[in-house]
2 protein chains.
Amino acid sequence: MATIRDIAKRAEVSPGTVSFVLNGKGDHMRIAAKTQEKILKIAKELGYLPSISARRLRNSESKNVPVIAILWTLDTRASLISRFLKGIQNKSLFKENLFEILIQPYENGKLSEVESLHTGNKYNGAIIANASDEDLRYIEDSNLKVPIVLYQRKSDKYSTVNVDGKKTGLDVAEFLYEKNQKNVGIVVPNLSSQAVSLRQDGFLEGVNTLGMNNLCVKYGDFSEKGGYDAMESLIKQTNSLPEALFFLSDPMAVGALSACHEYGIRIPEDLKIIGHDNDEQTSYTAPSLTTVHLPVEVMAGACVNQLIGQINQTIETATKEQYETNIIVRKSC
Amino acid sequence: MATIRDIAKRAEVSPGTVSFVLNGKGDHMRIAAKTQEKILKIAKELGYLPSISARRLRNSESKNVPVIAILWTLDTRASLISRFLKGIQNKSLFKENLFEILIQPYENGKLSEVESLHTGNKYNGAIIANASDEDLRYIEDSNLKVPIVLYQRKSDKYSTVNVDGKKTGLDVAEFLYEKNQKNVGIVVPNLSSQAVSLRQDGFLEGVNTLGMNNLCVKYGDFSEKGGYDAMESLIKQTNSLPEALFFLSDPMAVGALSACHEYGIRIPEDLKIIGHDNDEQTSYTAPSLTTVHLPVEVMAGACVNQLIGQINQTIETATKEQYETNIIVRKSC
DNA sequence: TTGTATGCGTTATCAA
DNA sequence: TTGATAACGCATACAA
């Protein structure tokens with residue numbers, strides 16, 4: 001990459017002159033028009049790109065604030081991202097530019113290829129938002145240079161901001177039990193996620209303990225379409241649907257509502273549906289969706305607090321923060 | 001902010017030693033255990049924060065890639081953000097870490113306070129995603145140091161990636177005309193946005209030209225709740241609803257569907273509804289929502305291309321890219 | 001117009 | 001065995 005010195009050499013002037021010209025101060029500094037032209041031409045030929053790092057280093061007015069990376073996989077679903085960023089955006093520290101957010105993508109299963117976690121050259125700390133089981137094992141065995149916080153994951157080694165997924169599953173089972181829905185089923189996103197597995201385990205354990213009947217475990221894509229397809233296939237293959245279905249994500253539940261509508265299955269009369277996340281749209285479906293509230297925004301803020309604490313060395317050890325989920329009762333169940 | 005040299009002075013060692021210790025290479029460099037302790041203690045006392053800029057500058061393996069800032073207001077709605085980022089995430093240049101994304105928040109109406117647009121110290125270029133009319137006027141009168149691209153805005157001075165909002169409005173009016181819906185209305189988000197105004201103008205012009213009747217222009221918050229409230233108030237205050245309503249955002253249309261459901265108004269029999277954006281959820285509402293497809297993901301990618309071209313000086317002048325919208329016909333209209 | 005110092009962390013070389 | 005010194009990366013302000 002060409003630097004200001006490379007340009008200076010070619011143009012046979014000093015680096016300072018190049019700097020002036022490239023910053024539009026050429027006239028003010030009375031640099032000859034010809035020289036300016038020459039410099040601009042060479043800069044373009046060499047594809048000059050100002051180094052932000054050097055600029056930042058130089059001008060010390062702009063305080064040295066922590067840089068926080070958000071690592072998410074390329075397949076992270078939309079509703080998580082927007083709620084997560086909303087949670088961060090509302091932090092006053094962020095509004096006041098007291099830390100910076102860098103978006104760092106990585107491919108699911110290839111967290112090991114993100115070198116900056118080892119060099120510490122790109123950010124002061126990282127929030128890992130959606131680690132797959134594989135990536136989780138990897139970092140558990142690694143010694144990273146930068147502090148990290150895991151969102152919705154467990155870890156022996158790192159700070160986490162989490163909920164008790166198992167308890168959530170149990171809660172839902174109990175909720176259905178008390179509503180006298182004994183024949184139930186569950187629809188699960190087909191991805192390798194600790195959070196999802198725990199909810200599923202908890203639910204099935206609860207169903208078992210309470211003497212209910214689990215009629216189906218159905219898998220599908222983590223999306224409206226996945227929920228629609230799963231529901232449609234259930235409708236077509238079964239003569240008797242369960243009394244209630246627990247969808248482990250709201251988008252899937254929304255898709256399922258649509259499928260039920262299509263096939264004339266009345267919610268909640270013929271089938272009760274309960275979702276998970278409490279995404280904004282769930283208040284406005286027809287019927288409105290009973291769902292588990294996951295405090296994404298609050299947890300995102302907690303991730304930032306946690307990480308900044310570690311970066312500032314005011315928080316010593318890896319801490320585990322746990323948040324509560326609760327069932328929002330609406331009309332679908 | 002404490003530097004490595006500050007620590008060195010206090011600890012009465014050299015900066016190099018401090019660097020080794022803080023990077024965990026103390027043992028390898030055979031620094032005495034006591035010295036290491038002292039250094040770590042002082043670093044903590046002084047609240048040492050490694051300067052990412054200095055680190056980046058030093059290790060030149062990590063290429064100097066363009067840093068792109070996304071400037072969005074604190075009140076930007078969720079659905080835009082997630083689709084926009086999805087569009088960027090899918091760019092192969094981003095996956096390969098050939099540019100970086102910095103999230104830069106600002107307060108609506110206070111774009112003028114974002115100094116980094118003038119200093120160029122924080123990023124090589126910026127995408128301004130949601131400029132209010134006020135902020136737009138400001139930048140139109142300013143001389144910014146970094147290249148910018150405006151998303152969904154017009155400008156005499158800067159590159160833009162836009163759609164023809166007026167034409168969209170006209171298209172919708174014509175669409176309703178051809179469906180023989182002559183008594184119509186429009187529901188508008190109550191915010192100062194060029195994009196929204198243009199759609200509204202186009203629609204009203206079309207309604208006028210085609211000899212249709214515009215029965216209402218209703219305002220509301222840019223959200224499901226805003227749409228719900230607007231619809232509810234329309235239902236309560238009018239004896240005769242329009243035959244068709246155009247909502248300038250999908251979340252509002254979704255909220256309105258919910259209100260109609262609540263009040264027993266059948267869609268599309270009693271009232272036809274058409275939204276705008278084609279957010280993912282609109283395929284799965286009951287009934288599914290007819291809406292205007294806005295190619296957010298594609299436009300986000302175009303913003304990045306445009307900006308990188310300008311940063312690399314391969315694109316000279318401000319260029320205007322225009323994308324097409326089209327009406328996705330589903331069941332609500 | 002130019003030369004030089006500066007900002008900060010890393011690291012290769014040198015010294016006791 | 002323990003540590004110091006100095007050069008380097010890049011842009012820019014300031015004195016010359």
Side-chain angles (χ1 to χ4, degrees), chain A residues 1-9 11-39 43 46 48-67 118-124 145-146, chain B residues 1-9 11-39 43 46-67 116 118-124 145-146:
Chain A
M1 194 92 292
T3 75
I4 220 167
R5 269 163 248 269
D6 299 328
I7 300 171
K9 263 181 212 159
E12 296 174 308
V13 295
S14 74
T17 306
V18 175
S19 176
F20 288 137
V21 172
L22 292 182
N23 288 307
K25 295 178 189 166
D27 290 339
H28 185 248
M29 288 290 144
R30 302 191 233 176
I31 312 288
K34 272 202 176 175
T35 314
Q36 296 204 36
E37 271 175 41
K38 199 204 287 182
I39 289 172
L46 298 183
Y48 170 71
L49 177 71
S51 160
I52 292 297
S53 309
R55 278 195 181 160
R56 285 193 184 210
L57 189 56
R58 188 59 184 71
N59 93 322
S60 46
E61 304 130 40
S62 68
K63 280 163 286 173
N64 182 23
V65 299
V67 179
H118 289 103
T119 63
N121 273 345
K122 289 174 72 173
Y123 35 82
N124 299 98
K145 179 147 176 188
V146 296
Chain B
M1 193 94 295
T3 75
I4 219 167
R5 273 162 241 270
D6 298 328
I7 300 172
K9 264 181 212 157
E12 297 176 307
V13 293
S14 74
T17 306
V18 175
S19 176
F20 288 134
V21 173
L22 293 182
N23 288 309
K25 295 176 187 167
D27 289 340
H28 184 248
M29 288 290 145
R30 305 190 237 179
I31 311 290
K34 271 201 175 174
T35 313
Q36 296 204 36
E37 271 174 42
K38 200 204 286 183
I39 289 172
L46 297 183
Y48 171 69
L49 177 72
S51 159
I52 292 298
S53 308
R55 278 195 180 158
R56 285 193 183 208
L57 188 57
R58 189 57 182 64
N59 93 321
S60 46
E61 304 130 41
S62 67
K63 280 162 287 173
N64 182 22
V65 300
V67 179
S116 41
H118 289 104
T119 63
N121 277 136
K122 288 175 74 174
Y123 35 82
N124 299 99
K145 178 145 175 189
V146 295

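Letters go in sequence order (proteins before strands), and every chain restarts at 1.
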Sugar-phosphate, base or nothing in reach of B:Ser19, heavy atoms under 4.0 Å: base
For B:Tyr48 against B:Leu22, the heavy-atom pair lying closest together: CE2-CD1, 3.5 Å
Nucleotide D:dA11, atom P - distance to CG of A:Leu46 in whole Å: 12 Å
Listed nucleotide nearest any side-chain atom of B:Lys145, set D:dG3, D:dT12, D:dA4: D:dT12
B:Ser14 vs A:Leu49, nearer the 5' end of DNA chain D by closest nucleotide: B:Ser14
For the student: nearest non-hydrogen atoms of A:Lys145 and B:Arg55, plus distance: CE-NH2, 4.2 Å
side-chain N/O B:Arg58 vs C:dC8 OP1/OP2, d < 4.0 Å: no
Between the first and last five pairs of the helix from C:dT1-D:dA16 to C:dA16-D:dT1, the angle of the axes, rounded to 10 degrees: 50°
Phosphate OP1/OP2 of C:dC8: any B:Ser51 side-chain N/O under 4.0 Å: no
hbond_proxy B:Arg5 side chain to C:dG9 base (donor-acceptor, 3.5 Å cutoff): yes
Separation of D:dC10 C1' from B:Asn121 CG (nearest whole Å): 13 Å
B:Ser19 side, atom OG; B:Arg5 side, atom CZ - distance, nearest 0.5 Å: 10.0 Å
Any A:Tyr48 side-chain N or O less than 4.0 Å from OP1/OP2 of D:dA11: yes
A:Ile39 CD1 to C:dT1 C1', straight-line distance once rounded to whole Å: 10 Å
Residue met sooner reading DNA chain D from 5', once B:Ala54 and B:Val13 are mapped to nucleotides: B:Val13
B:Ile52 versus A:Asn64, closest heavy-atom pair with distance: N-OD1, 4.5 Å
Spacing between B:Asn59 atom CG and D:dC10 atom C1', to the nearest angstrom: 13 Å
Rounded distance in Å - NZ (A:Lys9) to C1' (D:dC10): 13 Å
Heavy-atom side-chain contact between A:Gln36 and A:Asp27 under 4.5 Å: yes
Distance, rounded to the nearest Å, where B:Ile4 contributes CD1 and C:dT11 contributes P: 11 Å
Interatomic distance, A:Asp6 CG vs D:dA11 P [rounded to whole Å]: 9 Å
B:Thr3 side chain near C:dG7 phosphate (N/O to OP1/OP2, under 4.0 Å): no
Sugar-phosphate only, base, or nothing, as touched by A:Ser53 at under 4.0 Å among non-hydrogen atoms: nothing
Sugar-phosphate, base or nothing in reach of A:Gln36, heavy atoms under 4.0 Å: nothing
Selection from D:dA11, D:dA4, C:dT2 that lies nearest to any side-chain heavy atom of B:Thr17: D:dA4
Min side-chain heavy-atom separation A:Asn124-B:Leu49 under 4.5 Å: yes
Members of residues 22-32 of chain A that approach DNA chain D, where some heavy atom sits under 4.0 Å away: A:Asn23, A:Lys25
Separation between NZ of B:Lys9 and OG1 of B:Thr3, rounded to the nearest 0.5 Å: 7.5 Å
Sugar-phosphate, base or nothing in reach of B:Val18, heavy atoms under 4.0 Å: nothing
Proximity to the side chain of A:Leu57 - top-ranked nucleotide from C:dG9, C:dT2, C:dC8: C:dC8
Non-hydrogen atoms of A:Ala8 and A:Pro15 that approach each other most closely: CB-N, 3.6 Å
Integer-rounded Å distance: D:dA6 C1' and B:Phe20 CZ: 12 Å
Atom pair OG1/CZ of A:Thr35 and A:Phe20 - distance to nearest 0.5 Å: 13.5 Å
For A:Ala2 against A:Leu46, the heavy-atom pair lying closest together: CB-CB, 3.6 Å
Considering all heavy atoms, the nearest A:Leu57-B:Ser53 contact: N-CB, 4.2 Å
